[in-house]
Number of protein chains: 2
Amino acid sequence: MRKYSKQTRILVAVDCTIFGFDGEHLKVLLIKRGFEPEKDKWSVMGGFVQPEETPSEAATRVLFELTGLENIYMEQTEVFGDVGRDPIERTISIGYYAFIDINKYQTQISDLYHAEWIDIKEIPDLIFDHTKMIEIALEKLRYKAALHPILFELLPSKFTIPQIQTLYEKVYDSELDKRNFSRKLMSTGLLIKLQEKDKLNSKKGAFFYKLNEDAYKNNFEKFLNFIPNPQALIQD
Amino acid sequence: MRKYSKQTRILVAVDCTIFGFDGEHLKVLLIKRGFEPEKDKWSVMGGFVQPEETPSEAATRVLFELTGLENIYMEQTEVFGDVGRDPIERTISIGYYAFIDINKYQTQISDLYHAEWIDIKEIPDLIFDHTKMIEIALEKLRYKAALHPILFELLPSKFTIPQIQTLYEKVYDSELDKRNFSRKLMSTGLLIKLQEKDKLNSKKGAFFYKLNEDAYKNNFEKFLNFIPNPQALIQD
DNA sequence: TCAAAAGTGTTTCGTATACACCCATGT
DNA sequence: ACATGGGTGTATACGAAACACTTTTGA
């Protein structure tokens, strides 16, 4: 059968915003663009969708090529389709986002690639509409994390309660009561207390916990409600 | 500056799922496709993105061309990008959805176009992946309506409490307690009671209400929580 | 011994839910 | 007079939020 001969084909790209947490700051992975236009300017991980791959496959491939990261689950944010967003040629970009434990991939990324973790509070000027892309991705992250326990993805396999609290505080840019926070966290049944303590961040030391993987999978749909008035944080 | 000469351009389409409510049933607007492939099969409102328009503009234009509907606010659902989803030629489609008051546009649509309102419970076989598109759109509608008072968009300017309740029951496919429902609804301060009654659906008659437009705009972000356990309805 | 962070309990309040009867009216 | 759908109130339980002191230990 014939093609849709009268229609115009358009470049389609994917752009991936990767969030990471180092125990202290919420960061995003940025890269120095290696080609024109705007060569050497910062951007999120992006590339074109190829003829034989789905956008989601493209996102996975692009992330791997630019950072070496594999097996990272990404979700769509939204489509960025302004006609002039790329000055060279019209490109419609599909946004993706993901969140990972920084330390798990730290060496790998910084040794072999030019990607860097940048504090969410200190994002430099980015190419095109990438600033907006990160904003939208953060909004989706907040939305999702208000409803599901996804922020564990950002933590190492062993973590402390104060670390999780700091993470939530950074993501929502607000302070939380540690007594209420810890009670809610425990009531989820998602955590298993370990004997070991983290003595790096305090003299007394904080107990490490690990995720109860089974409970995590089964309770993923559970509303955590860690954030007072989550609706106030949701803008779309 | 040069184009991205080595890249492949791809057809980009938009597909719009329009929800409507006639006071009794939740429906979607479907159309008989006027061209091959799958001519005369049902589909949602779709068309290709043109070189000088954004996807959102394309959605607005396509909806207008196919149904005459104007000034309808649409939101993105997600991108449908499987390589073989359109057998003629690869096409990446951006999903949109909207909700409108059926009666407001009933005549206009049925007289001039081939679009028809079909009960959500009686969707026929659709072309390509359009069944999936409607599923995703319904999921987004539920998600959104659990957090924001958007379902008023589906109602006429004058409506009764039992009508709204029926609407919520259809959207969430579940039954609600009318005492609790009406109390919550009133507590939002979004409704203004009118003197007039709707005598069509009962002997006693139900009072009409209208939306307090100012309150609606200001409280749009307010979590309504009409639906018990909204998280159980949220799957993505 | 003191500074710094970890850890823990109780009370209060608001909101979600469950539940049953009377009202108005057209036939 | 009765059948049909509309409209209202109360009691209970649960979860969210506010709030302060003790513990541990390295310096």
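Below, read A as the first sequence line, B as the second, and so on, with proteins coming before strands; counting in each chain starts at 1.
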Specify the separation, in whole Å, of atom [atom1] of [X] and atom [atom2] of [N].
X: A/Asn201; N: C/dA3; atom1: CG; atom2: C1'; answer: 16 Å
X: B/Tyr209; N: D/dG6; atom1: OH; atom2: P; answer: 12 Å
X: B/Leu176; N: C/dT17; atom1: CG; atom2: C1'; answer: 12 Å
X: B/Gln165; N: D/dG7; atom1: CD; atom2: P; answer: 11 Å
X: A/Phe207; N: D/dT23; atom1: CZ; atom2: P; answer: 15 Å
X: A/Leu200; N: C/dA5; atom1: CG; atom2: C1'; answer: 14 Å
X: B/Leu191; N: D/dG6; atom1: CG; atom2: P; answer: 16 Å
X: A/Gln163; N: C/dG7; atom1: CD; atom2: P; answer: 11 Å

task = Would you please classify the geometry between the A/Phe128 ring and the A/His130 ring as parallel, tilted or perpendicular, with 30° and 60° separating the classes?
result = perpendicular

task = With sequence neighbours excluded, tell me which residues meet side chain to side chain donor-acceptor pair (under 3.5 Å) with B/Glu24.
result = none

task = Go along nucleotides 18-27 of chain C 5' to 3' and tag each nucleotide: B for a protein heavy atom under 4.0 Å from its base, S when only backbone or sugar atoms are that close, - otherwise.
result = BBB--BBBB-

request  = State which residues pass ring-ring contact (aromatic ring centres under 6.0 Å, His included) with B/Phe159; sequence neighbours excluded, sorted by chain then number.
outcome  = B/Phe152

message = Whether A/Lys158 and A/Glu196 form a salt bridge (side-chain N of Lys/Arg under 4.0 Å from carboxylate O of Asp/Glu) is what I want to check.
response = yes

inquiry  = For B/Asp40, is the CG atom crowded, meaning more than 12 foreign heavy atoms sit under 6.0 Å from it?
reply    = yes

inquiry  = Looking only at the side chains, is there a donor atom on one of B/Ser93 and B/Asp15 sitting less than 3.5 Å from an acceptor on the other?
reply    = yes

